[in-house]
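We number each residue from 1, following the sequence as shown. Heavy atoms only: backbone and side chains are in, while hydrogens, waters and symmetry mates are out.
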Amino acid sequence: LRYVLGHAYLRNIAACTATANLFGNVAGAVLLVYAVRELGMSAQAIGLAFSIGATGALLGALISNRVSTRLGVGPTIIGFAGIGGLALLPLALVPAGTPVPVLAALVALFGFVTGVSTVVYNVAQVSLRQAITPTRMQGRMNATMRWFVWGTIPIGALLGGVLGSVLGVREAILIGALGEM
């Protein structure tokens, strides 16, 4: 804990990733409810959109090394950190009555962009963490980082459910999108 909090890069990566996970799960907790109740999407449209969107993670895995090599590790981490929230924004702001094919395309686009950006960001930041941490500290640094960044996931999901119930699911998704950026 002292090592991670005392190292500027590790502290910033932990804060960035933990914040993205917190707010991403605020939105994620109510996304399906939003798609069905507010947007009127069927299970088939949601499944198809999520399936298409999931291919973004595969592309991210294929290009992450090339992106980091071309942009540099630091710019890659900074550049890809907030893209997921940005990709969620159009879905959060889509007007009621939008045709289902357009909604399915927005969900697929969100999933695709989020998949690419999350994988590229994670490959770059984990590689940097490993490169700047002495071998004897690797396990402890990684466990501490996971405690920070994964610890916010259930908190975000719980908060998303509460916000969705109190403010509405669209508002919870908007808060998640803005917070993740």
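Between the side chain of Ser117 and the backbone N or O of Ile83, no donor-acceptor pair lies under 3.5 Å. A side-chain donor-acceptor contact under 3.5 Å links Thr55 to the backbone of Ile52. Judged by distance alone, the side chain of Asn21 and the main-chain N or O of Ile153 form no donor-acceptor pair under 3.5 Å. Thr114 places no side-chain N or O within 3.5 Å of a backbone atom of Gly111 that could act as its donor or acceptor partner. With hydrogens and angles disregarded, no donor-acceptor distance shorter than 3.5 Å links the side chain of Asn142 to the backbone of Gln138. Panel note: side chain Arg170, backbone Ala92; a donor-acceptor pair is recorded below 3.5 Å.
Scored by the side chain to side chain contact (heavy atoms under 4.5 Å, CB included) test, Leu89 finds Leu93, Leu174, Ala177, Leu178, Met181 as partners (sequence neighbours excluded).
In this structure the side chain of Ile173 reaches within 4.5 angstrom of the side chain of Val30, judged on heavy atoms. Residues Val94 and Tyr34 are in side-chain contact: their nearest non-hydrogen atoms beyond the backbone lie under 4.5 Å apart.
A side-chain contact (heavy atoms from CB on, under 4.5 Å) with Asn65 holds for exactly one of Thr69, Val67, Ile63; it is Thr69.
Atom-to-atom distance recorded for His7:NE2 and Asn12:CG is 10.5 Å, nearest 0.5 angstrom. Rounding to the nearest 0.5 angstrom, the gap separating the CZ atom in Arg2 from the CE atom in Met137 is 8.5 Å.
For the residue pair Tyr3 / Thr144, no side-chain donor-acceptor distance below 3.5 Å is found, with atom types taken as modelled.
Contact between Arg129 and Met145 at its shortest, heavy atoms only, is CD-CE, 3.5 Å. Ala87 and Val113 make their closest contact through CB-CG1, 3.6 Å (heavy atoms, listed as atom of the first residue, atom of the second, distance).
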